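Working notes for the structure below.
Counting convention: from 1, in listed order, for ligands and their atoms alike. Because the structure is a prediction, the values reported are computed rather than measured.
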Amino acid sequence: MLQEEVKQKLIDIVGETNVLDSEEDLVVYSYDATPNFQAMPDAVVKPRDKYEIQKIVKVCNEHKVPIVPRGSGTNLCAGTCPLEGGIVLLFTYMNNILEIDEDNLTVTVQPGVITLNLIEAVEEKGLFYPPDPSSMKISTIGGNINENSGGLRGLKYGVTRDYVMGLEFVLPNGELIRTGGKLAKDVAGYDFTRLMVGAEGTLGIITEATLKLIPIPETKKTMLALFDSLEGAGEAVSAIISNKIIPATLEFLDQGTLEVVEEFAKIGLPTNVGAVLLIEQDGPLEVVERDIERIVAICEQSHALSVQVAQTPEEGMALTTARRSALSALARKKPTTILEDATVPRSKVAEMVRAINEIAEKYQVEICTFGHAGDGNLHPTCMTDARNEEEIHRVEEAFAEIFAKAIALGGTITGEHGVGVMKSPYLAWKLGEEGVEAMKTLKLAFDPNNIMNPGKMFAKETKKRVVVQR
Ligand SMILES: Cc1cc2nc3c(=O)[nH]c(=O)nc-3n(C[C@H](O)[C@H](O)[C@H](O)COP(=O)(O)OP(=O)(O)OC[C@H]3O[C@@H](n4cnc5c(N)ncnc54)[C@H](O)[C@@H]3O)c2cc1C
């Protein structure tokens, strides 16, 4: 519970109705989209603007009260689970698009803007904000920046990081600073903008962001290629890229995922093939037509069972929407769904998926895999039941081995979901103990009282490394 003095100070800043601490309110903010993690905050606070945030942070820093910034709580790494209590800070009032600058091709937003609202607002002006996490209907820009989220368009257009030009944020001591801006070139000082992207709320609170826009592609076409095996699909992915074609989207779904997605979306996806590639190209009409023609030929040379090009934009949209619904579709199967994002170089996708299947078999757990084949970002997804302790133990062992394998193949433990609590015991596997220590030193310099999202990123103990043969 918050000390009465602290609670009163917070009420003086934001008003009584914006400090919630009833049991019901606290339970709602005790968990996020990550299964198996729950901890109660002491209060939930809703500031109206950056000045209120500054004052809140000063109070919390003085009294050493943890602050957990929270967008929509859709992260998959327990990043907004208030492990050490304190306050959950919401941005529900700070959800305005402040400016769309058509001369400089930028948009400036508050952190609580919903990603899809931003995408649609700029599209109305013929502009394009490419980062498109599948959660974009609910996720916020503040959350996207702090997780450095990616999406289906990541292969060609990059991830959130590639669009963040400038930030305004409140430091853990309550001071407000601005970094970057509308400039394409700016090398004045350390690149704090980049540092804050993916910081998972551990270094400060983002109160405003200036994001890069690009002209909206003239047209797009979507196609589906069916393969009897993942190897075939993997071969086609390598062949497309080595032919110097970068599709806007290059996704794959394995047979298990296909079955579940079709049962959910009912759009006629094949369920009796080994793997499917969902491919989209965008750009000027003649380029799109030429690229799609070449991709069809490459898939056929890679022994695709069949290749279908969507005949209408609606048909194309149905295919990408079905892919975006993969997690929700899989989540219907069992009480607990654990979705991970082990990532490997794209040339290793088929090998990694094969390894995931072998590991699932070894630990007798049910894992389907889909993901961004073009950038090697895979989503092995386990359907399980958290109430079954013995099974959950096997699931954890299986995922540890999956992360170890990803690293052995030159990959990483997380491509887009972040570290949070979930991946923190594995961070040293990727960065080494020295790397984690350097990060801790940086964190201490920013946040000596460790008030910003404590318990995230840095685990008390590193997991023992599983030995995986390359
Ligand atoms: C169905 C589903 C599909 C998903 N698909 C994708 C996908 O395709 N790609 C992908 O990358 N991720 C995906 N995710 C994960 C998740 O949606 C993203 O991580 C997203 O960016 C989180 O946004 P959010 O607003 O919910 O942030 P939250 O979950 O609320 O917060 C995420 C992190 O940001 C911090 N934070 C939030 N706002 C601020 C702020 N203003 N200042 C400082 N720190 C802040 C939080 O403390 C936390 O550490 C998916 C999740 C679900 C449930």
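- Looking at ligand 1, you won't find any N or O of Asp132 less than 3.5 Å from one of its N or O atoms.
- Looking at atom 28 (P) of ligand 1, its nearest protein heavy atom turns out to be Gly73 N, 3.5 Å.
- Here the heavy atom of the protein found nearest to atom 12 (N) of ligand 1 is His417 CD2, 3.7 Å.
- With a 4.0 Å heavy-atom cut-off, ligand 1 is reached by the backbone of Ser149 and by its side chain too.
- Considering both main-chain and side-chain atoms, Ser328 never comes within under 3.5 Å of ligand 1 through any nitrogen or oxygen pair.
- Note: Phe399 and Phe403 have parallel aromatic rings, judged against thresholds of 30 and 60 degrees for the angle between ring planes.
- Not a single heavy atom of Asp32 sits closer than 4.0 Å to an atom of ligand 1.
- Between Ser139 and ligand 1, not a single N/O pair is under 3.5 Å apart.
- Ring pair Tyr157/Phe128: centre-to-centre distance below 6.0 Å.
- Backbone and side-chain nitrogen or oxygen atoms of Val68 are examined, and none is located within less than 3.5 angstrom of a nitrogen or oxygen of ligand 1.
- Atom NZ of Lys64 has 12 or fewer heavy atoms from other residues, nucleotides or ligands within 6.0 Å.
- Nearest to atom 49 (O) of ligand 1 among the protein's heavy atoms is Glu200 O, 3.1 Å.
- A salt bridge does not link Arg354 to Glu351: none of the charged side-chain nitrogens sits closer than 4.0 Å to a carboxylate oxygen.
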Any chance you could lay out the side chain to side chain contact (heavy atoms under 4.5 Å, CB included) test for Val28 and Val44, step after step, and finish with the verdict? CA-CA 10 Å; Val28 172; Val44 178; over 6 Å; no
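- Residues passing the ring pair (Phe, Tyr, Trp, His ring centres under 6.0 Å) test with Phe370, sequence neighbours excluded: His379.
- Where the criterion is an N or O separation shorter than 3.5 Å, residue side chain and backbone included, Arg70 fails it with respect to ligand 1.
- For the pair Met196/Ile145, no side-chain contact is recorded, criterion being any heavy-atom separation below 4.5 Å from C-beta on.
- Protein heavy atom in closest approach to atom 7 (C) of ligand 1: Ser134 N, 3.4 Å.
- Nearest protein heavy-atom neighbour of atom 46 (C) of ligand 1: Pro69 O, 3.0 Å.
- Residues meeting the ring pair (Phe, Tyr, Trp, His ring centres under 6.0 Å) test with Phe37, sequence neighbours left out: none.
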As a quick check of understanding, evaluate side chain to side chain contact (heavy atoms under 4.5 Å, CB included) for Ser134 and Arg323, giving each step before the final call. CA-CA 9 Å; Ser134 295; Arg323 157 60 188 89; 4.1 Å; yes
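- Ile87 pairs in a side chain to side chain contact (heavy atoms under 4.5 Å, CB included) with only one of the listed residues (Asp21, Leu10, Asp42), which is Leu10.
- For ligand 1, one of its N or O atoms has an N or O atom of Ile206 under 3.5 Å away.
- The number of heavy-atom neighbours closer than 6.0 Å to NZ of Lys55, taken from other residues, nucleotides and ligands shown, is 12 or below.
- Between Gly150 and ligand 1, at least one N/O pair is under 3.5 Å apart.
- Within a 6.0 Å radius of NZ in Lys7, other residues, nucleotides and ligands contribute 12 heavy atoms or fewer.
- Near Asn453, meaning under 4.0 Å from one of its heavy atoms, ligand 1 places the atoms 47 (O), 49 (O).
- Scanning the protein heavy atoms around atom 2 (C) of ligand 1, the nearest turns out to be Leu327 CD2, 3.6 Å.
- Residue, atom and distance of the protein heavy atom nearest to atom 15 (C) of ligand 1 are Thr74 O, 3.6 Å.
- Proximity to Gly143 (heavy-atom distance under 4.0 Å) selects the following atoms of ligand 1: 21 (O), 23 (O), 24 (P), 25 (O), 27 (O), 34 (O), 37 (C), 38 (N).
- For the pair Gln281 (side chain) and Ala248 (backbone), a donor-acceptor distance under 3.5 Å is present.
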Before giving the answer on side chain to side chain contact (heavy atoms under 4.5 Å, CB included), spell out for Asp447 and Thr202 the whole-Å C-alpha distance, their side-chain angles and the decisive distance to 0.1 Å. CA-CA 8 Å; Asp447 184 14; Thr202 63; over 6 Å; no
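- For ligand 1, the atoms closer than 4.0 angstrom to any heavy atom of Gly204 are 43 (C).
- At least one N or O atom of Glu416 sits closer than 3.5 Å to an N or O atom of ligand 1.
- Between Ala33 and ligand 1, not a single N/O pair is under 3.5 Å apart.
- Scanning all protein heavy atoms for the shortest distance to atom 39 (C) of ligand 1 gives Asn146 ND2, 3.5 Å.
- Every atom of ligand 1 is numbered from 1 in the order shown, and the set under 4.0 Å from a heavy atom of Ile205 is 42 (N), 43 (C).
- In the vicinity of Pro111, heavy-atom distances shorter than 4.0 Å reach the ligand 1 atoms 41 (N).
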Using the rule given for side chain to side chain contact (heavy atoms under 4.5 Å, CB included), can you reason through Asp282 versus Lys156, listing the C-alpha separation, both sets of side-chain angles and the distance that settles it, and then say yes or no? CA-CA 10 Å; Asp282 63 9; Lys156 182 168 176 178; 2.7 Å; yes
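- The proximity of Phe169 to ligand 1, defined as any non-hydrogen pair under 4.0 Å, does not occur for either the backbone or the side chain.
- The shortest N or O to N or O distance between Gly71 and ligand 1 is under 3.5 Å.
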